[in-house]
Amino acid sequence: MQKYLIILTGPTGIGKTRTGLALAKYFNTEIVSSDSRQIYKELNIGTAVPDKVELTEIKHHLIQNHSIYENFNVSKFENEALSTINSLFFHHNLVLLVGGSMLYINAICNGIDNMPDADPEIRDMLKVKLESEGLESLRFQLKKIDPDYYNTVDLKNTNRIIHALEISLMTGNPYSTYLTKSKKTRPFTIIKIGLNCERTELHNRINTRVDNMINAGLEDEARKLHHLKHLNAMNTVGYRELFAFFDNEISREKAIELIKRNTRRYARKQLTWFRNDEEMNWFEYDQTKEIITFIENQIIEK
RNA sequence: GGUACCAUAGCUCAGUUGGUAGAGCAACGGACUGAAAAUCCGUGUGUCCCUGGUUCAAUUCCAGGUGGUACCA
């Protein structure tokens with residue numbers, strides 16, 4: 001029996017949760033999340049996780065099942081999401097993957113190369129070096145260790161340079177030797193559904209949603225997490241702007257304004273990524289009926 | 001109703017001694033292999049309020065109109 005993974009995605013605030021629930025009910029199946037922030041159990045309001053009613057109506061996976069104290073990453077996501085999806089196929093012919101994290105979705109569709117997780121000590125060491133000697137020094141080191149990657153990487157992107165160095169130093173092999181550029185094959189058929197709407201309306205939806213989050217108590221939630229702002233997981237829109245307010249760097253009003261702006265920018269970045277995906281089938285956010293028809297036609301054809 | 005001041009990018013405003021204009025913010029485009037809601041790169045998007053006049057040339061000067069603000073009635 002052919003298995004289908006329906007990937008439902010789109011910019012933040014477009015209504016993926018709602019449409020996902022409707023599809024899950026219709027196809028009598030379960031939802032796997034592909035959201036890099038909803039995966040954390042400590043985050044609620046700011047990540048717009050499905051509420052308790054929604055989570056009991058339909059079984060969700062990879063929602064709030066990890067801690068912000070862990071060093072979660074895309075590779076762990078790939079492994080965990082794939083094994084979850086494959087076990088769901090034991091009882092379902094169709095499974096939903098719902099979320100907007102582009103790289104995570106890409107890892108499910110195309111896979112990601114195998115390499116070890118970065119050693120936090122080596123990363124810290126490189127950060128110290130960055131502080132004391134500057135980015136130029138890290139570039140110089142990368143040029144010696146991995147000239148191939150040095151020639152292709154964006155040399156202004158500190159994160160990428162640090163990552164290439166930490167993997168190279170840890171393993172003794174140049175980072176670029178781990179990049180096979182091969183696409184992994186999956187034992188299921190993928191159908192990609194993208195939700196969208198006119199940009200102005202998307203901005204309105206986002207602005208309203210941020211106001212709703214503030215009214216729902218986002219400030220209190222963020223205040224409790226303030227002392228954890230150094231964690232990777234807390235470098236998140238909706239929290240970091242409030243942290244800046246708590247640290248007296250900006251006003252409360254300014255923080256809310258920045259949350260809206262940064263959410264809008266995130267949505268644009270998502271659209272940039274998804275736009276280039278030729279496999280994406282685009283729908284307006286309220287076309288649930290059309291989406292169901294589309295999926296059914298796809299399945300019948302195969 | 002009268003007088004003064006203002007009208008330039010989505011917003012706040014510069015500016016052009018007359019040669020079709022530029023800052024900040026916002027916005028937009030792009031890259032993307034273990035931090036990805038991350039990180040990085042790039043782009044002015046304009047009937048200079050409207051209609052006449054002067055001029056080789058008007059967003060700029062002049063007149064009128066329209067809209068706005070302030071003050072006086």
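No hydrogens, no waters, no symmetry mates; every other heavy atom, side chains included, goes into these values. Chain letters run A, B, ... following the sequence lines, proteins first, then strands; residues in each count from 1.
In this structure, Arg205(A) satisfies the cation-pi test against Tyr285(A), with its NZ or CZ atom closer than 6.0 Å to the six-membered ring centre and inside 45 degrees of the ring normal.
Nucleotides rU8(B) and rG46(B), compared at atom P, are 15 Å apart to the nearest Å. Distance check on atom C1': rA73(B) versus rA58(B) gives 37 Å, rounded to whole Å. Nucleotides rC50(B) and rC40(B) place their P atoms 42 Å apart, quoted to the nearest Å. As rounded to the nearest Å, rC11(B) and rA27(B) have P atoms that lie 14 Å from one another. Only the P atoms considered, rC28(B) is 42 Å distant from rG65(B), to the nearest whole Å. If you take atom P in rC13(B) and the same atom in rC49(B), they sit 15 Å apart, rounded to whole Å. rU3(B) and rG19(B) have their P atoms separated by 32 Å, with the value rounded to a whole Å. Between rC62(B) and rU17(B), the distance separating the two P atoms is 15 Å to the nearest Å.
Between the side chains of Glu80(A) and His61(A), not a single donor N or O lies within less than 3.5 Å of an accepting N or O.
Ring geometry, Phe243(A) versus His226(A): the interplanar angle falls under 30°, so the pair is classed parallel (tilted spans 30 to 60°).
With its glycosidic angle more than 90° from 0, rG65(B) adopts the anti conformation.
Salt bridge annotation for Asp154(A)-Arg160(A): absent, with no cationic side-chain nitrogen under 4.0 angstrom from a carboxylate oxygen. With respect to the salt-bridge test (charged N to carboxylate O, under 4.0 angstrom), the residues Arg186(A) and Glu78(A) qualify. With respect to Glu219(A) and Arg223(A), a salt bridge is recorded, a charged nitrogen being found less than 4.0 Å from a carboxylate O. The residues Asp35(A) and Lys16(A) are annotated as not salt-bridged, no charged nitrogen and carboxylate oxygen being separated by less than 4.0 angstrom.
To the nearest angstrom, C1' of rG34(B) lies 13 Å from CG of Asp119(A). Between Ile162(A) atom CD1 and rA38(B) atom P there is a gap of 17 Å when expressed in whole angstrom units. Going from atom CD1 of Ile122(A) over to atom P of rG34(B) covers 15 Å, rounded to whole Å. If you take CG of Asn73(A) and C1' of rU39(B), they are 16 Å apart, rounded to a whole angstrom. The CD atom of Glu70(A) sits 19 Å away from the P atom of rG34(B) (whole-angstrom rounding). One can place CG of Asn232(A) at 12 Å from C1' of rU39(B), the figure rounded to the nearest angstrom. In this structure, Gln270(A) places its CD atom 15 Å from P of rU39(B), rounding to the nearest Å. Atoms CG (Asn262(A)) and P (rA38(B)) sit 7 Å apart, rounded to a whole Å.
Looking at heavy-atom distances under 4.0 Å, Gly46(A) makes contact with a base. Residue Tyr175(A) is in sugar-phosphate contact alone, with no base atom involved, counting any heavy-atom pair closer than 4.0 Å across all strands shown. Across all strands, Asn79(A) comes closer than 4.0 Å to no nucleic acid atom at all (heavy-atom distances). At a threshold of 4.0 angstrom between heavy atoms, the contacts of Lys181(A) include nucleobase atoms, whether or not backbone atoms are also involved. Using a 4.0 Å heavy-atom cutoff across all strands shown, Asp117(A) reaches at least one base atom of the nucleic acid. Thr263(A) comes within contact range of no nucleotide atom at all, as no heavy-atom separation falls under 4.0 Å.
Within the structure, a side-chain polar atom (N or O) of Tyr104(A) is placed less than 4.0 Å from OP1 or OP2 of rA36(B).
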* Structure fact -> Encoded 5' to 3' (Watson-Crick or G-U under 3.5 Å; [ ] crossing; | other strand), RNA chain B becomes (((((((..((((.....[..)))).(((((.......))))).....(((((..]....)))))))))))).

* Structure fact -> Once base and sugar-phosphate atoms are separated, protein heavy atoms under 4.0 Å mark nucleotides 26-32 of chain B, 5' to 3', with B, S and - as SSBBBBB

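Remark on RNA chain B: of its neighbouring residues Thr180(A) and Gln38(A), the 5'-side contact belongs to Thr180(A), judged by nearest-heavy-atom nucleotide.
Two residues are said to be in side-chain contact when any heavy atoms from C-beta on lie closer than 4.5 Å; Leu97(A) and Ile6(A) fail this criterion. Two residues are said to be in side-chain contact when any heavy atoms from C-beta on lie closer than 4.5 Å; Glu30(A) and Val95(A) fail this criterion.
Of the candidate nucleotides rU33(B), rG34(B), rA35(B), rU33(B) has the atom lying nearest to any side-chain atom of Leu179(A).
Residues Phe245(A) and Met234(A) share a single hydrophobic cluster, defined by chaining ILVMFWY side chains whose heavy atoms lie under 4.5 Å apart.
Of all heavy-atom pairs spanning Lys192(A) and Asp277(A), the tightest one is NZ-OD2, 2.7 Å.
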